Amino acid sequence: MSRRRLATLVALVLLVAGCAPSRSGSLGPAPTAAAPTGPAPTSVGPSATSAPPPTAAPAPTTPRTGTTGVSRSATVTLELWYVRDGRLVPTRRTRPATVATSRLALAELAAGPTRREADAGLVTLLPDGAEVSRIVAGVASVRLAAVADPFTARLREAQVVYTLTQFPTVRGVDFGTAAPTGRVDHADLLPPVVVTGPVIGDRVTSPVTVTGSADVFEATVNVRVLDAAGRQLATAFTTATCGTGCRGAYRVTVRYRLPTEQAGTIEVYEVSADDGSRTNVVAVPVTLAATR
């Protein structure tokens, strides 16, 4: 075979081999994973479980009106200031409780003393219908009908002032004719010895505590307990916080012995510096409980 023919045969063989598929070549690009059809997952932290829904805050409760958590007393004790021998004298009343205590106090004051208080000489100068129209900044407004006698008018106003200023909301009273007045403006209408407890008609037990105020010689206040026949059962004395030209408070306890309960009297008085007699005597009729 000639060289030219041999070269042609080799070239033909190589051409046929290049057209056959190769077994070790590339298989094309690798197929990609199918994309998820749902939304992409959201990270929830370390745990794969979802947290429970938040709990709603409780709705605020509406407070009950009229409920304070503190029991209120069914009664109220009032201090009423009446008149005896042209001077002021205190006593007490216990009545059903009310929010209008100032109105109740003036109504009781105008109603006058009890039979036992009247027998002891107490009277009232306050007319019916006197009322507190308002209380502003510690001043109560009260209108009273005019009276001809200036001393009677002033004594009547003093009854109102001393009765109303027992309440913490009242410091003075406006009667519409001058500046508001307080207790200090009527202090000269008090007797030398005032007894605030016990009051007329009280039932007392031994030992009995006697309280009040006094402007007496050397501030010395004397007390004695008398039985129904007027016999002296016990006596005691004390000194007020001020005296001889100034008024002071006093408090003294007296112990007595009595086999049977009966009417009696608590006497509070000053001993005269001149002759040692009892003077400025205040007699308080009471019921004396028996002692054991």
Side-chain angles (χ1 to χ4, degrees), residues 77-94 102 105 108-109 113 117 120-126 138 140 151 154-173 180-202 204 207-226 234-255 264-273 277-286:
T77 299
L78 304 169
E79 185 178 81
L80 306 177
W81 289 78
Y82 289 114
V83 175
R84 180 170 56 197
D85 299 328
R87 293 291 183 265
L88 297 173
V89 179
T91 189
R92 287 192 295 267
R93 295 280 186 279
T94 298
S102 59
E108 290 291 332
L109 195 62
E117 292 167 347
L122 273 62
V123 298
T124 185
L125 304 179
L126 192 70
F151 181 75
R154 187 164 177 266
L155 195 54
R156 183 177 63 176
E157 291 179 358
Q159 282 189 260
V160 174
V161 168
Y162 270 81
T163 297
L164 291 185
T165 53
Q166 71 183 289
F167 305 119
T169 54
V170 180
R171 298 190 306 272
V173 180
T181 61
R183 289 195 174 193
V184 67
D185 301 299
H186 303 276
D188 61 304
L189 295 176
L190 296 173
V193 176
V194 173
V195 181
T196 57
V199 297
I200 296 170
D202 277 355
V204 301
V208 55
T209 299
V210 182
T211 60
S213 68
D215 179 0
V216 293
F217 178 68
E218 294 184 344
T220 303
V221 178
N222 296 268
V223 177
R224 64 176 188 158
V225 180
L226 307 178
T235 184
F237 72 92
T238 188
T239 54
T241 56
C242 192
T244 312
C246 61
R247 181 168 295 275
Y250 68 84
R251 181 184 184 92
V252 60
T253 299
V254 189
R255 189 177 298 275
T265 305
I266 306 295
E267 277 191 358
V268 187
Y269 56 93
E270 175 186 7
V271 174
S272 172
S277 62
R278 290 186 298 273
T279 184
N280 296 317
V281 178
V282 177
V284 182
V286 297

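Only a predicted model underlies this, so the values are computations on that prediction, with no experimental measurement involved.
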Do the non-hydrogen side-chain atoms of Arg154 and Thr181 ever get within less than 4.5 Å of each other? no
At their closest point, which heavy atom of Phe151 faces which heavy atom of Gly86, and how far apart are they? CZ-O, 3.8 Å
Gap between atom OG1 of Thr91 and atom CG of Asp202 - 0.5 Å precision: 7.5 Å
Are Trp81 and Val161 close enough that some pair of their side-chain heavy atoms sits under 4.5 Å apart? no
Atom of Ala214, atom of Ala240 and distance for their closest heavy-atom approach: O-CB, 4.4 Å
Arg183 and Gln166: side-chain contact (heavy atoms from CB on, under 4.5 Å), yes or no, with the steps? CA-CA 10 Å; Arg183 289 195 174 193; Gln166 71 183 289; 4.2 Å; yes
Checking Thr279 side chain against Glu270 main chain: does a donor-acceptor pair fall under 3.5 Å? no
Are any non-hydrogen side-chain atoms of Pro90 and Leu80 less than 4.5 angstrom apart? no
Donor-acceptor contact below 3.5 Å, side chain Asp215 vs main chain Gly245: yes
Going through the distances and angles, do Val271 and Phe237 end up as a side-chain contact (heavy atoms from CB on, under 4.5 Å)? CA-CA 10 Å; Val271 174; Phe237 72 92; over 6 Å; no
Between atom CZ of Arg255 and atom OG1 of Thr209, what is the distance when rounded to the nearest 0.5 Å? 9.5 Å
Can you see whether Arg247 engages Ser213 through a side-chain donor-acceptor pair at a distance of less than 3.5 angstrom? yes
One pair to check against side-chain contact (heavy atoms from CB on, under 4.5 Å): Val221 and Val216. What are the steps and the verdict? CA-CA 7 Å; Val221 178; Val216 293; 4.2 Å; yes
Would you check if Thr124 and Gln159 make a side-chain contact, meaning some heavy-atom pair closer than 4.5 Å? yes
For the pair Arg92 (side chain) and Pro198 (backbone), establish whether a donor and an acceptor sit closer than 3.5 Å, ignoring hydrogens and angles. no
Give, for atom OG1 of Thr163 and atom CG of Leu109, the distance between the pair rounded to the nearest 0.5 Å. 4.5 Å
Please tell me if the side chains of Val160 and Leu126 come closer than 4.5 Å, counting only heavy atoms from C-beta onward. yes
Which of these passes side chain to side chain contact (heavy atoms under 4.5 Å, CB included) with Val223: Thr235, Val254, Thr238, Val282? Val254
Main-chain N/O of Arg93 paired to Glu108 side chain as donor or acceptor, under 3.5 Å: no
Could you tell me whether a side-chain N or O of Thr244 sits under 3.5 Å from a main-chain N or O of Glu218, the two making a donor and an acceptor? yes
Quick one, Ile266 and Val225 - any side-chain contact, counting heavy atoms below 4.5 Å? yes
Stepwise side-chain contact (heavy atoms from CB on, under 4.5 Å) check, Val173 with Glu157: CA-CA 9 Å; Val173 180; Glu157 291 179 358; over 6 Å; no
Side chain proximity check, Asn222 to Arg278, heavy atoms < 4.5 angstrom: no
One should read off an interatomic distance between Leu189 CG and Arg87 CZ, to the nearest 0.5 angstrom, of 6.0 Å
Are Tyr250 and Thr220 close enough that some pair of their side-chain heavy atoms sits under 4.5 Å apart? no
Should we count CG of Asp188 as having more than 12 external heavy atoms under 6.0 Å? yes
